[in-house]
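Because the structure is a prediction, the values reported are computed rather than measured. Within every chain, numbering begins at 1; the chains are lettered A, B, ... in the order of the sequence lines, protein sequences first and strands thereafter.
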Amino acid sequence: MELATKYDPSVVEDKWYKYWTDHRMFHSEPDSRPAYSIVIPPPNVTGVLHMGHMLNNTIQDVLVRRARKLGFNAVWVPGTDHASIATEAKVVNFLKEQGIDKKSLTREQFLEYAWQWKEKHGGIILQQLRKLGASCDWDRTKFTMDPELSEAVIDVFIDLYNKGLIYRGVRMVNWDPKALTAVSDEEVVYKEVHSKLYYVRYQIEGEPGEYITIATTRPETILGDSAICMHPDDERYAKYKGKRAIVPLVNRSIPLIYDEYVEREFGTGALKITPAHDINDYNLGIKHHLETINIFNDNGTLNESAQFLVGMDRFEARKAIIPLLEEAGNLVKIEDYTNKVGYSERTNEVIEPKLSLQWFCKMGELAKPALAAVMDGDIKFYPDKFKNTYAHWMENVKDWCISRQLWWGHRIPAYYLPNHEFVVAHNIDEALQLAQQKFPELNLSKEDLKQDEDVMDTWFSSWLWPISVFDGIRHPDNPEIQYYYPTSALITAPDIIFFWVARMIMAGLEWRGTIPFKDVYFTGTVRDKLHRKMSKSLGNSPDPIMLMEQYGADGVRFGMLLSSPAGNDLLFDEALCEQGRNFSNKMWNAFRLVKGWQVDDNGQQPAHTAAAIEWMQQRIQEVLGSMEEDIKRYRLSEALMSVYKLVWDDFCSCFLEVVKPPFHQPIDGKTYNQIIDLFEILVNILHPFIPFITEELWHTLRERNDGESLMLTPMPRYSGSVDQKLLDAFANTRSVVEQIRHIRSEKNIGPKNALKLHVYADSTVSTPGLDAVIMKLANVESIDYVAADAQVSGASFIEKNVKYAVPLEGLVDNDEEKRKLQADLEYAEKFLQSVLKKLSNESFVKNAPQKVVDIERKKQSDAEEKIRILKEQLAKL
RNA sequence: GAUCUGUUAGCUCAGUUGGUUUAGAGCGCUUGCUUGACAGGCAAGAGGUCACAAGUUCAAAUCUUGUACAGAUCACCA
């Protein structure tokens with residue numbers, strides 16, 4: 001069979017993914033083995049795969065595949081969330097394209113369209129994850145609006161309401177005039193913008209010609225002003241105490257008030273107060289009993305209360321009011337100004353602070369144990385610097401606005417009665433019952449009850465995710481939740497630490513009494529080479545699907561993993577995927593080499609081969625040891641790099657070169673089997689990182705039965721120790737080989753010219769196997785152990801204080817050799833001096849641990865010996 | 001503005017409780033190779049006064065303080 005010189009992942013990857021799913025190998029059911037569980041951070045149902053998902057899901061897949069191979073009953077639960085705002089916006093647009101206006105639909109009609117859209121277009125991302133190799137238990141795929149998950153959300157709402165942790169009230173909220181809903185504090189992003197500062201003067205009532213000047217960035221809100229505030233100690237304004245001012249244009253009389261909140265240095269030191277449209281003004285309004293005048297409609301246009309510019313958009317009005325103010329003689333001046341403005345994270349619309357009646361969840365009590373869980377180390381953060389961020393937020397946590405003025409989502413289970421009271425219940429029947437109990441005199445029937453029109457924040461379902469995917473809210477004792485919860489690890493992005501991670505911890509402790517996960521691994525942000533965040537608008541993000549087509553899913557996984565130490569930003573570079581692809585190709589070709597050999601079952605195993613196999617076994621042990629430690633600490637890039645080097649540098653560049661039979665000669669059967677064993681171990685170790693090519697090679701290295709898979713084959717484990725002496729001896733052998741190759745390179749001696757090697761040592765120190773390795777790798781035809789004073793003309797080197805020489809008749813320039821030796825000598829002498837300086841320091845010898853002093857003494861004797869050899873060598877030339 | 005985290009080779013990063021020769025890796029770079037597995041390759045190299053300054057110590061990339069720069073989080077003044 002001829003094998004292509006280049007590995008082609010395209011056929012292989014689809015084949016094995018189908019094989020795994022056909023055999024339902026990702027599926028898990030509770031059993032007697034220990035569980036390892038991960039729940040996917042549910043992507044938006046509207047989402048498509050981007051580089052952040054690639055990183056996040058590759059990491060989860062590595063952990064799950066590894067756990068599976070370590071004997072855990074591993075489950076990775078996939079799913080999506082319903083993303084209220086994003087999905088509703090998508091559906092509204094979709095309908096608009098078909099000429100349907102949302103307003104013309106009833107709630108039920110709209111939701112029917114929304115579900116249709118979801119079934120047809122939602123969850124593409126879950127399909128895309130298959131291409132990556134994600135070993136999710138697809139039978140368990142969940143959606144936050146599935147009936148059982150929805151019920152859990154309602155249960156939780158009612159539970160919190162009954163505990164007094166959910167309340168309804170009028171508060172200043174972040175209003176998104178585009179999505180026409182409130183959003184939580186966490187959904188507002190502040191951006192710096194260039195704007196203007198308008199100075200406007202208000203006439204003092206009853207004092208013609210007397211004015212007080214304020215500065216504002218939002219002149220349109222003047223129409224809703226209900227006071228002007230100054231600092232009580234500001235002498236400039238002391239004279240106005242008790243007076244009133246006239247609001248320009250609307251000619252409303254408003255009080256002049258004094259409060260320490262005002263910064264005297266800023267602007268004019270006089271602040272206009274619009275309690276309906278600014279959170280700080282609102283608080284001052286309450287304190288000073290001011291009138292609240294709401295001048296905006298929900299969509300951000302001015303309403304009747306504004307009296308002027310009614311119906312105009314707030315930003316248009318901001319421009320349009322200027323000439324009016326000027327005309328009225330109230331505009332003083334305009335300055336350029338830079339300030340920060342809040343934008344809706346979802347729609348990128350400027351947030352309008354708005355007073356409205358909303359539902360809130362009290363966070364203080366929920367936050368306390370959740371903070372402790374992280375600070376006490378029950379939950380570990382990787383990297384742990386995020387503990388600070390977490391603590392800071394948790395200690396200053398504010399109540400959570402959980403209602404959204406949308407239709408797509410979990411409807412708030414509150415039912416209003418004709419008397420403006422309400423009850424909270426699972427359904428209308430229960431609500432009616434409750435209402436009748438509460439108000440028997442009203443003689444209520446179902447028609448009297450009206451359910452709240454709003455839905456809940458999407459995160460109000462996401463925070464239950466690790467519980468609700470196992471149905472642990474509705475059925476707290478069911479076998480699945482008992483078995484899989486708490487989950488083993490959460491892999492997520494740090495920007496949702498508050499939205500999601502913190503709240504999941506609260507929910508876990510509140511409804512399960514235990515933490516929802518033990519470890520939280522925060523991935524970095526994927527950026528481009530110029531450190532810019534990858535985004536659609538910048539167009540700097542590669543298409544993950546195209547990347548996988550180009551480099552193979554294994555190649556892309558390799559690239560993502562290699563560049564992602566935990567928590568560090570990841571500067572994505574396609575070159576890393578290329579490196580991954582090249583690695584696959586390297587293994588493929590190693591396989592081609594091995595498969596191409598003729599096997600002679602009667603052949604004898606050569607000494608160099610026996611030595612190399614022993615060494616390779618120890619090297620694998622060494623790497624397994626470091627890898628287990630790395631993975632325990634979530635240092636996946638280091639773990640992968642250590643196997644990468646094991647395969648490429650040790651197995652391919654060294655081991656295979658040693659055991660390779662001469663051209664057209666067979667390899668002995670014992671060696672062949674041992675090589676296949678080693679190869680199998682290597683693909684086994686690599687499988688969690690690059691599952692496709694490893695599965696392919698595993699199936700071709702030996703005959704397998706249908707239904708067998710590398711992903712279910714136990715992972716080789718570190719035995720607990722390595723033969724360090726053997727490893728050191730082989731490392732020394734490789735150094736000698738390198739030195740000889742260096743001589744070849746310097747003297748321009750081709751690899752086909754065999755060389756001789758003289759070792760200035762007693763032959764009893766030699767190991768025949770290792771000598772044979774040197775002969776093979778460096779193409780040395782003979783190794784002679786000679787007396788220390790033997791004369792050889794050639795190139796020499798010292799390794800571990802043993803002198804070696806390669807006799808080279810006529811090829812060596814004595815002067816050049818001398819110069820080199822002289823340089824070595826100088827270096828060694830300088831080094832010796834530094835060691836001696838240390839050792840002659842009495843306090844060092846007295847204070848340093850004996851071990852450290854011994855090391856220095858050893859350095860001294862080694863250096864002295866080296867100097868002796870170098871001098872001897874120089875004398876001979 | 002407050003807090004936190006960084007600053008080590010051209011780039012991206014390791015470097016455990018201070019002590020294993022004068023600091024490591026991958027990529028990139030330089031030089032030489034039509035080497036019977038692989039140019040998606042092979043071999044050999046070059047490259048760093050560990051941001052800066054002071055201090056603690058027998059000993060500092062590692063600990064302390066300060067400075068500079070970068071990033072993150074939170075808070076915002078109209």
Side-chain angles (χ1 to χ4, degrees), chain A residues 3 5-7 190 197-198 214-218 221 229 261-263 265-274 278 280-281 337 339-340 383 385-393 396 494-495 497-498 525 529 531 551 555 562-565 567-571 573 575-576 578-579 581-597 629 633 635 637-638 641-642 644-645 652-653 656-657 660 663-664 738 741-746 748 750-752 827-828 830-832 834-835 838 841-849 851-856 858-860 862-863 866:
Chain A
L3 295 168
T5 59
K6 288 193 172 144
Y7 171 67
Y190 288 90
L197 197 54
Y198 302 88
I214 58 90
T216 180
T217 53
R218 301 198 59 189
T221 62
C229 188
Y261 166 77
V262 176
E263 296 261 342
E265 291 73 27
F266 190 89
T268 61
L271 171 65
K272 74 183 207 62
I273 306 295
T274 323
D278 182 281
N280 299 304
D281 290 9
Y337 186 61
N339 63 335
K340 283 190 176 174
K385 66 178 176 186
F386 288 109
K387 273 169 90 168
N388 289 319
T389 312
Y390 180 82
H392 185 261
W393 189 76
N396 301 285
D495 49 343
I497 185 168
F498 311 131
T525 306
K529 273 190 277 187
H531 295 239
Y551 300 105
L562 209 57
S563 56
S564 61
N568 276 3
D569 280 356
L570 179 161
L571 304 185
D573 186 344
L576 292 162
E578 195 182 331
Q579 197 183 346
R581 180 200 63 182
N582 294 352
F583 183 52
S584 291
N585 194 51
K586 186 71 186 175
M587 283 199 293
W588 176 251
N589 277 290
F591 168 74
R592 281 180 64 218
L593 172 69
V594 172
K595 275 285 151 176
W597 290 331
E629 188 56 34
R633 295 165 65 189
R635 295 154 55 124
S637 59
E638 310 224 333
M641 182 47 74
S642 66
Y644 173 83
K645 286 192 280 192
C652 295
S653 297
L656 288 179
E657 292 300 330
K660 191 191 255 181
F663 187 54
H664 277 325
E738 264 172 41
R741 285 174 173 174
H742 179 60
I743 290 168
R744 279 185 187 281
S745 183
E746 260 193 343
N748 254 321
K752 282 181 176 159
Y827 180 91
K830 218 169 137 197
F831 175 68
L832 178 63
S834 77
V835 174
K838 237 181 187 180
N841 182 339
E842 262 179 55
S843 31
F844 170 72
V845 181
K846 210 165 62 193
N847 293 320
K851 212 177 89 193
V852 176
V853 179
D854 286 347
I855 288 164
E856 291 303 314
K858 176 84 165 62
K859 284 187 202 170
Q860 181 194 351
D862 283 355
K866 188 166 186 180

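Among the atoms of the strands shown, base atoms are found under 4.0 Å from some heavy atom of A/Glu263. Nucleic acid contact for A/Asn841: sugar-phosphate only, since backbone atoms but no base atoms lie under 4.0 Å from a heavy atom of the residue. Contact annotation for A/Phe498: backbone-only contact, meaning every heavy-atom pair under 4.0 Å involves sugar-phosphate atoms and none involves a base. Base engagement by A/Glu657 is indicated by at least one non-hydrogen atom pair under 4.0 Å involving a base atom. When heavy atoms are screened at a 4.0 angstrom cut-off, A/Asp573 is found touching no nucleic acid atom at all. If you check every strand for non-hydrogen atoms under 4.0 Å, A/Lys846 touches nothing. Residue contacts shown for A/Tyr337 are limited to sugar-phosphate atoms, with no base heavy atom under 4.0 Å away. If you check every strand for non-hydrogen atoms under 4.0 Å, A/Ala848 touches a base. Looking at heavy-atom distances under 4.0 Å, A/Lys340 makes contact with a base.
Among the nucleotides B/U21, B/A37, B/G19, the one closest to the side chain of A/Ala590 is B/A37. Side-chain proximity of A/Glu638 to B/A14, B/G15, B/C74: nearest is B/A14. You'll find that the side chain of A/Ile855 is closest to B/U20, out of B/U20, B/C58, B/U5. When distances run from any side-chain atom of A/Val262 to the nucleotides B/A78, B/G19, B/A37, the shortest one goes to B/A78.
Between A/Leu571 and A/Leu576, it is A/Leu571 whose nearest contact on RNA chain B lies nearer the 5' terminus. Of the two residues near RNA chain B, A/Leu656 and A/Thr268, the one whose nearest nucleotide lies more 5' is A/Leu656.
Using a 4.0 Å cut-off, some side-chain N or O of A/Tyr644 falls inside it from OP1 or OP2 of B/C27. Using a 4.0 Å cut-off, some side-chain N or O of A/His531 falls inside it from OP1 or OP2 of B/U12. Regarding contacts with the backbone of B/A37, a side-chain N or O of A/Lys660 is found under 4.0 angstrom from either OP1 or OP2.
Atom C1' of B/U16 sits at a distance of 15 Å from the matching atom of B/A23, rounded to the whole Å. Comparing the C1' positions of B/U3 and B/U8 gives an interatomic distance of 26 Å, to the nearest angstrom. Rounded to the nearest Å, the gap between the C1' atom of B/G19 and that of B/C63 is 14 Å. Nucleotides B/C27 and B/A60 are separated by 34 Å at their P atoms, to the nearest Å. Straight-line distance between the C1' atoms of B/G28 and B/A46: roughly 13 Å, to the nearest whole Å. For B/U22 and B/A59, the C1' atoms lie 15 Å apart once the distance is rounded to whole Å. For the P atoms, the distance linking B/U56 with B/A2 amounts to 30 Å, nearest Å.
Of all heavy-atom pairs spanning A/Thr216 and A/Ile214, the tightest one is CG2-CD1, 4.0 Å.
Atom pair A/Met641:CE and B/C27:C1' shows a separation of 8 Å (rounding to whole Å applied). With rounding to whole Å, A/Arg218 atom CZ is found 11 Å from B/A78 atom C1'.
Judged by distance alone, with hydrogens and angles left aside, A/Glu856 brings no side-chain donor or acceptor close enough to the base of B/A59 to form a pair under 3.5 Å.
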Worksheet item: Could you write nucleotides 39-51 of chain B as a row of B, S and -, 5' to 3', where a protein heavy atom under 4.0 Å of any base atom gives B, of only sugar-phosphate atoms gives S, and otherwise -?
Response: -BSSSSS------

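Salt bridge A/Glu738/A/Arg741: absent, no basic N to carboxylate O contact under 4.0 Å.
Ring geometry for A/Phe266 versus A/Tyr337: interplanar angle over 60°, hence perpendicular rather than tilted (30 to 60°).
For A/Lys866, the NZ atom sits in a loose shell: 12 or fewer heavy atoms of surrounding residues, nucleotides or ligands are nearer than 6.0 Å.
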